[in-house]
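What follows is a short report on a single structure.
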Amino acid sequence: EGRIVGAEALVRWHHRDHGFVSPARFIPLAERTGLITDLSRWALRQACHDALQWNGLHVAVNLSPIDVRHDDFIDWIGETVGQSGMPPARIELEITESVLIEDTETGLDKLRALKAMGFRIALDDFGTGYAGMGYLQMFPFDKLKIDQSFIKRMTRSKHAMAIVRSVIKLGHELDLVVCAEGVEHEEQLQALLVGGADVIQGYYTGLPMAASRVRALAEKHNREVVEPK
């Protein structure tokens, strides 16, 4: 339908002296220093606060493998969301397969607990690891996100195109919503529509923006889709 259905929470650091610092630099540092869980809790709390103003749109929040390993992981997720008043069904928690590699059974138990609480669980960066297929058999994910590295190459590489189409077909066979990450061009969009992708994400739909702009953009865009000029 071409509607905006939600947004992903992105953390950006505007340093007083160095300007904007890429998350590719400060997230690994936060993980090494043990600050990542405090950052994740703040991000989840802020995402819930912002998304409450979005008139039903969902919000996706990334979780670090280090977050999931904490003994109180389930408790702080539930407490943070419960205090915000945000319905868990409107929150999509994104994990990569690295969450499950170190201790698969414990990781799966925690993901099952989150599902039981009403959260949606997405497997992020699919295709970049070595065990993704196996995890799809172990856990009923709600969404599969095709890594942007395949999307960037798909219109100039028949191999990348074949992989993308195969992943979309696989996801649908497993009753998963399939999202293509990193969509930047009309050509990519059209190829994904032909391939059957359910959701796209990337600069084609909009550059990263302040949370306060999301609702207005979605309402304007979705109204134009329903009532085209």
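Bear in mind that the values here come from a model prediction, so they are computed numbers and not experimental data. What's counted below: heavy atoms across the whole structure, side chains too, no hydrogens, waters or symmetry copies.
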Less than 4.5 Å apart, side chain to side chain, heavy atoms only: is that true for [X] and [Y]?
X	Y	answer
L136	L144	yes
I91	C48	yes
Q83	E79	yes
W13	S22	no
E186	Y204	yes
L114	F73	yes

Should [X] and [Y] be counted in the same cluster of Ile, Leu, Val, Met, Phe, Trp and Tyr side chains packed under 4.5 Å apart?
X	Y	answer
V5	L176	no
W76	V11	no
V61	L35	no
L174	V167	yes
I121	M86	yes

Whether the side chain of [X] engages the backbone of [Y] through a donor-acceptor N/O pair (distance < 3.5 Å, no angle test) should be reported.
X	Y	result
R90	L57	yes
K115	P140	yes
K110	V68	yes
T104	L100	yes
D142	A122	no
H172	V178	no
D75	D72	no
R156	K152	yes

For a quick test of reading the model, state the closest non-hydrogen atom pair linking [X] to [Y] and the distance between them.
X	Y	value
A211	W54	O-NE1, 3.2 Å
R112	M138	NH2-O, 3.9 Å
L217	M209	CD2-CE, 3.4 Å
L192	A180	CD1-CB, 3.6 Å
A113	I74	CB-CD1, 4.0 Å
V59	A47	CG2-CB, 4.0 Å

- Query: Relative to the ring of H15, is the ring of H18 parallel (under 30°), tilted (30 to 60°) or perpendicular (over 60°)?
  - Reply: tilted
[atom1] ([X]) with more than 12 external heavy atoms under 6.0 Å:
X	atom1	answer
E187	CD	no
Y203	OH	no
R213	CZ	no
H70	NE2	yes
D17	CG	yes

- Candidate pair I77 and L63, rule side-chain contact (heavy atoms from CB on, under 4.5 Å), full reasoning: CA-CA 10 Å; I77 291 280; L63 296 175; 4.2 Å; yes
Distance, nearest 0.5 Å, that separates [atom1] of [X] from [atom2] of [Y]:
X	Y	atom1	atom2	answer
M161	M154	CE	CE	4.0 Å
K143	L123	NZ	CG	12.0 Å
D103	E105	CG	CD	8.0 Å
I151	Q188	CD1	CD	7.0 Å
F26	L39	CZ	CG	6.5 Å
L44	S84	CG	OG	7.5 Å

- Message: For the residue pair D124 / T96, report whether a side-chain donor-acceptor contact shorter than 3.5 Å exists.
- Response: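 Judged by distance alone, the side chains do not pair up.
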- Tell me, with the steps shown, if I146 and I163 meet side-chain contact (heavy atoms from CB on, under 4.5 Å). CA-CA 10 Å; I146 306 173; I163 290 171; over 6 Å; no
- Would you mind checking if E8 and K145 are paired as a salt bridge, meaning a charged N to carboxylate O distance below 4.0 Å? yes
- Item | Audit row: T205, I200, side-chain contact (heavy atoms from CB on, under 4.5 Å) steps and yes/no | CA-CA 8 Å; T205 54; I200 67 163; 3.7 Å; yes
- Which of R223, H221, R215 passes side chain to side chain donor-acceptor pair (under 3.5 Å) with E219? It is R215
